[in-house]
Trainee: 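Encoded as structure tokens, here's the structure I'll be asking about.
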Amino acid sequence: QVQLVESGGGLVQAGGSLRLSCAASGSILSVNAMGWYRQAPGKQRELVARIISGGITNYADSVKGRFTISRDNAKNTVYLQMNSLKPEDTAVYYCNVLRSVQNYWGQGTQVTVSS
């Protein structure tokens with residue numbers, strides 16, 4: 001089992017910044033990928049950014065150049081630095097870990113961007 005604890009969400013004005021953190025514990029060996037997804041009301045959950053084995057990063061087109069994902073292996077923590085936030089970034093953000101073929105999810109943290 002993998003446990004994920006997220007923090008860092010909140011309310012911010014458009015153009016502002018937030019940093020999300022996700023601390024992983026439990027059976028974290030052989031993690032294939034760590035990342036962030038988001039789900040806005042009435043929409044499907046979508047990938048925001050992830051780091052896969054070897055440090056390769058993937059980003060949704062809508063956040064490229066504004067969001068940066070990073071990982072601190074010593075702390076088993078993944079971060080999402082979000083800059084130049086837009087109202088359309090408003091969503092619940094979920095931390096995700098893929099270990100073998102099993103997905104693990106955090107409880108979600110709300111990010112609200114006001115115009």
Side-chain angles (χ1 to χ4, degrees):
Q1 288 288 343
V2 176
Q3 293 79 42
L4 303 173
V5 178
E6 301 151 339
S7 60
L11 173 64
V12 65
Q13 288 188 332
S17 299
L18 285 173
R19 189 176 83 153
L20 305 182
S21 300
C22 173
S25 60
S27 302
I28 56 177
L29 294 178
S30 302
V31 168
N32 302 99
M34 296 184 73
W36 293 91
Y37 288 70
R38 67 186 181 187
Q39 188 167 19
K43 295 187 177 181
Q44 290 188 330
R45 192 172 297 189
E46 63 176 359
L47 173 69
V48 177
R50 66 180 176 183
I51 297 179
I52 61 177
S53 298
I56 297 171
T57 57
N58 300 130
Y59 293 93
D61 287 343
S62 59
V63 307
K64 284 181 180 177
R66 300 188 297 122
F67 291 9
T68 303
I69 190 169
S70 61
R71 178 176 174 178
D72 186 332
N73 290 326
K75 296 181 179 180
N76 296 318
T77 300
V78 63
Y79 304 96
L80 184 68
Q81 178 66 44
M82 305 185 293
N83 298 328
S84 302
L85 282 161
K86 304 176 180 180
E88 50 263 45
D89 294 318
T90 295
V92 178
Y93 285 69
Y94 296 91
C95 180
N96 171 268
V97 164
L98 175 64
R99 186 175 69 91
S100 184
V101 296
Q102 182 68 47
N103 274 296
Y104 297 89
W105 297 94
Q107 78 280 4
T109 185
Q110 177 71 46
V111 171
T112 303
V113 185
S114 63
S115 57

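Every heavy atom of this structure was used, including side-chain atoms; hydrogens, water molecules and symmetry mates were not.
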Trainee: Please check if the side chain of Asn83 supplies one atom and the backbone of Ser17 the other of a donor-acceptor pair under 3.5 Å.
Mentor: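 Side chain of Asn83 to backbone of Ser17: no pair is present.
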Trainee: Can you see which heavy atom on Gly8 is nearest to which on Leu18, and at what distance?
Mentor: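 Of all heavy-atom pairs spanning Gly8 and Leu18, the closest is O-CD2, 3.9 Å.
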Trainee: Give, for atom CD of Glu6 and atom CG of Asn96, the distance between the pair rounded to the nearest 0.5 Å.
Mentor: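 Output value for this atom pair is 10.0 Å.
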Trainee: Do you know which two heavy atoms are closest between Ala49 and Leu80, and how far apart they sit?
Mentor: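 Scanning both residues, the minimum pair turns out to be CB-CD1, 4.1 Å.
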Trainee: Check whether any side-chain heavy atom of Trp36 sits under 4.5 Å from a side-chain heavy atom of Ile51, and report yes or no.
Mentor: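 Counting from C-beta outward, Trp36 and Ile51 never come under 4.5 Å.
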Trainee: Taking ring-ring contact (aromatic ring centres under 6.0 Å, His included) as the test, write out the residues that go with Tyr104, two or more places apart.
Mentor: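 For Tyr104, no residue satisfies ring-ring contact (aromatic ring centres under 6.0 Å, His included) once neighbours in sequence are set aside.
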Trainee: State whether Asp89 and Lys86 are salt-bridged, where the test is any N-O pair (Lys NZ or Arg NE/NH1/NH2 against Asp/Glu carboxylate O) under 4.0 Å.
Mentor: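 Lys86 and Asp89: not salt-bridged.
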Trainee: Which label fits Phe67 and Tyr93: parallel for a plane angle under 30°, tilted from 30 to 60°, or perpendicular past 60°?
Mentor: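 Because their plane-to-plane angle lies in the 30° to 60° range, the rings of Phe67 and Tyr93 count as tilted.
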Trainee: Side chains of Val111 and Leu20, heavy atoms from C-beta outward: is any pair under 4.5 Å?
Mentor: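 Touching, per the 4.5 Å side-chain cut-off.
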Trainee: Just how far is it from atom OH of Tyr37 to atom CG of Asn103, taken to the nearest 0.5 Å?
Mentor: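 If we round to the nearest 0.5 Å, Tyr37:OH and Asn103:CG are 6.5 Å apart.
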Trainee: Above 12 or not: heavy atoms from other molecules or residues under 6.0 Å from CD of Gln13?
Mentor: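 For Gln13, atom CD is not crowded (no more than 12 foreign heavy atoms under 6.0 Å).
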Trainee: Which distance, rounded to the nearest 0.5 Å, do you find between the CE of Met34 and the CG of Leu4?
Mentor: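 If we round to the nearest 0.5 Å, Met34:CE and Leu4:CG are 6.5 Å apart.
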Trainee: Under the rule for salt bridge (Lys or Arg N to Asp or Glu O under 4.0 Å), what residues qualify as partners of Arg45, not counting sequence neighbours?
Mentor: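 Scan of Arg45 (salt bridge (Lys or Arg N to Asp or Glu O under 4.0 Å), adjacent residues dropped) gives none.
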Trainee: For the hydrophobic clusters of this structure (ILVMFWY residues joined by side-chain heavy atoms under 4.5 Å, transitively), does one cluster hold both Tyr94 and Val78?
Mentor: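 In one cluster: no.
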Trainee: Quick check against the 3.5 Å criterion: does Tyr59 have a side-chain atom that pairs as donor or acceptor with the backbone of Ile69?
Mentor: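 It does hold such a pair.
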Trainee: Using the test salt bridge (Lys or Arg N to Asp or Glu O under 4.0 Å), find all partners of Glu46 that sit at least two apart in sequence or belong to another chain.
Mentor: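 Residues passing salt bridge (Lys or Arg N to Asp or Glu O under 4.0 Å) with Glu46: Arg38.
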Trainee: Keeping the roles fixed (side chain from Thr112, backbone from Thr90), state whether a donor-acceptor pair exists under 3.5 Å.
Mentor: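 No; judged by distance alone, with no hydrogens or angles, the pair does not exist.
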Trainee: Between Gln81 and Thr68, is there a donor-acceptor pair closer than 3.5 Å when you use the side chain of the first and the backbone of the second?
Mentor: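 Not a single qualifying donor-acceptor pair exists.
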